[in-house]
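Read the structure below first, then the notes.
Note on naming: letters A, B, ... go to the chains in the order of the sequence lines (proteins, then strands), and numbering restarts at 1 for each one.
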Amino acid sequence: MPVIQQSRENSAAGSTVRVVRRHHALVRWAHWLNVPILLGLVLSGISIYWASPIYQHKPDPQTGIYEYFADAGIWMCAHVPGLHAYSSPPDWVYNHFSLGTFMLAPALRLHWFFAYLFIANGLLYLVGLALGGGWRVLLPRRTDVRDSLAMVRYYVGVPFAVITRRKRVHPRFTTKYNALQRLAYFSVPLAGVLAIATGWAIHKPMQLHWLAAIFGGYDATRVWHFWLMWFFIVFAIPHIILVFADGWDTVRSMITGWSLRPAKADELQQ
Amino acid sequence: MNGEEKGDNLDQQKAAGEMREDRAVEKQPEQSAEVAKQSEGEKQRRSVSESSQPVIAQRAKQACEDDAKGSPPEKPRIIEKPVGFFAERHPEIIAISARKLRAWTRRDLLFFGAGVAASVVGGGFLLPPDTLARLGIRGNTDSPRKENFLNHAINLDDNVAEALYSKHRLVPTYSKSDITPLKNNYNGATPDDSYLPGWTLTLQGLASARGVSLGIQDLLTRFPQHEQITRLVCVEGWSAIAWWSGVKFDDLLRAYPPPANAKWARVDSSVNLDADGDPDPYYASIDLATAQHPQTLLATHYNGQPLEVEHGAPLRLLAPVKLGLKNVKAITRITYSAEEPRDYWAERGYSRYDGL
């Protein structure tokens, strides 16, 4: 049975437990290294964005402000309690989600530094995935659309179930990841490859002009690169919430590699 | 004491695991049996191939021995369903002594904690002082070591850019309908045109060891004119497609060759002003490999008209394979050298090579 149990025959060596080897060391390393790397890339990236925002509108006749992150900062400072006294509302977003304004030179240096780490980390992960056969658990299946919807329905229902104290049954699956997880973990490396490709295309738009052409030219590639950043942010938020909601076993398995949950798990719900 | 606590934890987890498993057996006995068969097959393979691992497949061995002792099997028993190439493999289940599992877990959690601490310290080391000050970390957070460290990253990136560069690879050219507005991005105030009447282009560091001075008419009449519609890309991220014409830098290099050991040119601007309108000398380094690119121009015309002051009258460097900041406006002196010359923006924390 794929679960911990006492082995009586082996009492001399102390109790024996059975655990699932869930995540390979390469996956764990790549996963955790991505945390500071992506944080660094996003923080420095938004500072680079500040120098020439891709989304601009006509300058406000009074303030001269022409872009949306500045608008968002002004709105925040006007409406969020405690922010009314903020010294420079247009910079609020940049001061909290980037290195700050007027930081292009340090932001570029940090962005290249983290970008090379991101590339190295991604290569390590993909090579490990290819050689170790781990890619199989990420492959989309024909049933994934239906199963993803079932998972979405389940997640949407959980808060109501908690409020009404009704039992909510987790959809069953017999694979390492459920359909929604598979979609997410398949998309992340894909988004990583696209982020790196679009990054190179706008970093070297002359030598690699064919790469920018694939994404629709230099300006379009900047737009791609910007929204790929949002992909990682939008991925990370439910990812972090759900992993903690799922429990310590799931968090620990990404640190130590082992889990108490068998692969063919139909008892994930408590 | 810590160890004991962890031990208790583990026992509780074990108990929880057993309970969960019981439920699973009740629900789907067939499937669970299949899992058991599979995992035993795997364990057997493991115990043969990897004796160093703490895998004691007692039950699997037992099962084997039972089979051997009993009556000979009538037909081969399938213990593992054959799986396709794309089919998911189930993770390995291992048996391990509780003590070893605790040690393994402790080691990895400590490693993780050390990694978190290293990231925080590393972040504190790498981030700019202004950013740290906003996070509430004050004091002397700037250090030359930070500068040096990040210089390694930017030098690596410059080396990659240089390796990517080829004199023979042309940048894309566009048609007149693609032309976009080009903003005047003088770093400070736009100069007035008082420098124009006495303007000359001085060449220094030539093979002939004598300086050469050229007027704008010399450039316009003695060299073939070229025109191109190319994209100018700014370090800030914006870009503009513009129509330029002028002299090939390479033609100038052939007419007034630098010595064989020269690798660089320093390009000085006639005039540059800071935000207050005070002089702020501007200079950029250009590697000669870039200067020799067939699309690197000393431009005299923009949109078919002689350059205006805001675009660098009467002569500007136009190197589409470099960021806009290397495309020096109103150039007045070119100095060739074997050593890499100074560069205005490299001294302010940007790349020295700026290859696109």
Side-chain angles (χ1 to χ4, degrees), chain A residues 1-7 9-10 13-22 32 35-36 40 43 48-49 51-52 54 95 99-100 103-106 108-110 112-113 116 133 136-137 139 174-176 202 204-209 218-219 222 252 255-258 260 262-264 266-267, chain B residues 13-14 17-18 20-21 23-24 27-28 31 35-36 39 56 58 86-99 101 104-105 108-109 112 115 119 123 126-128 130-131 134 150 153-154 156-157 161 164-165 169 171-172 231 233-239 320-321 348-350 356:
Chain A
M1 290 292 103
V3 171
I4 295 180
Q5 59 176 217
Q6 213 98 31
S7 168
E9 304 96 318
N10 199 22
S15 59
T16 302
V17 290
R18 295 195 176 194
V19 294
V20 184
R21 278 177 172 262
R22 193 162 169 81
W32 290 114
V35 176
L43 290 177
I48 295 168
Y49 180 93
S52 178
I54 51 176
N95 283 344
L99 305 178
M103 285 278 184
L104 184 57
L108 288 168
R109 301 168 145 243
L110 282 169
W112 308 156
F113 171 72
Y116 281 104
R136 289 187 180 93
V137 302
L139 278 189
T174 58
T175 47
K176 181 172 179 181
I202 54 181
K204 300 286 165 250
M206 299 303 171
Q207 307 304 329
L208 305 177
H209 57 81
Y218 178 77
D219 292 314
R222 291 184 67 208
R252 183 189 50 205
I255 299 172
T256 64
W258 62 267
L260 293 173
K264 287 208 168 183
D266 54 359
E267 72 274 21
Chain B
Q13 284 160 4
K14 246 186 290 176
E18 270 167 332
R20 245 184 294 175
E21 180 55 21
R23 276 214 311 277
K27 277 182 210 152
Q28 279 196 325
Q31 200 181 46
V35 173
S39 67
I56 306 155
Q58 288 284 358
F86 294 102
E88 176 169 338
R89 269 59 160 171
H90 287 289
E92 230 166 359
I93 290 152
I94 57 163
I96 181 172
S97 86
R99 206 190 312 139
L101 185 65
W104 169 6
T105 307
D108 283 5
L109 288 175
F112 180 74
S119 300
L126 284 175
L127 291 177
D130 291 354
T131 308
R134 257 203 322 282
L150 288 176
I154 215 158
L156 168 69
D157 188 57
L164 274 176
Y165 172 78
R169 192 176 298 122
V171 308
R231 186 187 290 273
V233 177
C234 180
V235 68
E236 294 169 352
W238 57 269
S239 71
V321 294
R348 283 154 181 80
Y350 290 87
L356 289 177

Discussion item. Determine whether B/Leu127 and A/Leu110 satisfy the following criterion, side-chain contact (heavy atoms from CB on, under 4.5 Å), listing intermediate values before the conclusion.
Written reply: CA-CA 8 Å; B/Leu127 291 177; A/Leu110 282 169; 4.2 Å; yes
Item to complete: Report the C-alpha separation of A/Met206 and B/Arg231 in whole Å, then their side-chain angles, then the decisive distance to 0.1 Å, and conclude whether the side-chain contact (heavy atoms from CB on, under 4.5 Å) test is met.
Response: CA-CA 9 Å; A/Met206 299 303 171; B/Arg231 186 187 290 273; 4.1 Å; yes
Worksheet item: What's the verdict on side-chain contact (heavy atoms from CB on, under 4.5 Å) for A/Trp112 and B/Leu156, showing C-alpha distance, side-chain angles and the deciding distance?
Response: CA-CA 9 Å; A/Trp112 308 156; B/Leu156 168 69; over 6 Å; no
Practice prompt. Show the numbers, then the answer: is there a side-chain contact (heavy atoms from CB on, under 4.5 Å) between B/Val321 and A/Gln207?
Written response: CA-CA 8 Å; B/Val321 294; A/Gln207 307 304 329; 4.0 Å; yes
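Counting heavy-atom pairs closer than 4.5 Å to chain B, the top residue among A/Leu139, A/Asn95, A/Ile202, A/Val137 is A/Asn95. Interface summary for chain A: among B/Ser239, B/Gly237, B/Ala153, the most heavy-atom pairs under 4.5 angstrom belong to B/Gly237. Put simply, of B/Arg169, B/Arg348, B/Arg134, the one with the most heavy-atom pairs under 4.5 Å next to chain A is B/Arg134.
Proximity to chain B (any heavy atom under 4.5 Å) is shown, for A/Ile54, by neither the backbone nor the side chain. For A/Pro36, the part lying near chain B is the side chain, with the backbone staying farther off; criterion is any non-hydrogen pair under 4.5 Å. With a threshold of 4.5 angstrom between heavy atoms, B/Ser119 approaches chain A through side-chain atoms but not through N, CA, C or O. Only the side chain of A/Leu108 comes within less than 4.5 Å of a heavy atom in chain B; its backbone stays farther off. Residue A/Leu104 touches chain B through both its backbone and its side chain, counting heavy-atom pairs closer than 4.5 Å. If you measure heavy-atom distances from A/Phe113 to chain B, the contacts under 4.5 Å come from both the backbone and the side chain.
One distance of note links OG1 of A/Thr16 with CD1 of B/Ile94; it measures 11.0 Å at 0.5 Å rounding. Put simply, CZ on A/Arg252 and CG on B/Leu109 are 8.5 Å apart, with the number rounded to the nearest 0.5 Å. To the nearest 0.5 Å, the span separating CH2 on A/Trp258 from CD1 on B/Ile93 amounts to 14.0 Å. For the atom pair NZ of A/Lys204 and CG of B/Leu164, the computed distance is 7.5 Å after rounding to the nearest 0.5 Å. Remark: A/Leu99 CG to B/Leu126 CG distance equals 10.5 Å, nearest 0.5 Å. Atoms CH2 and CZ, on A/Trp32 and B/Phe112 in that order, are 4.0 Å from each other to the nearest 0.5 Å.
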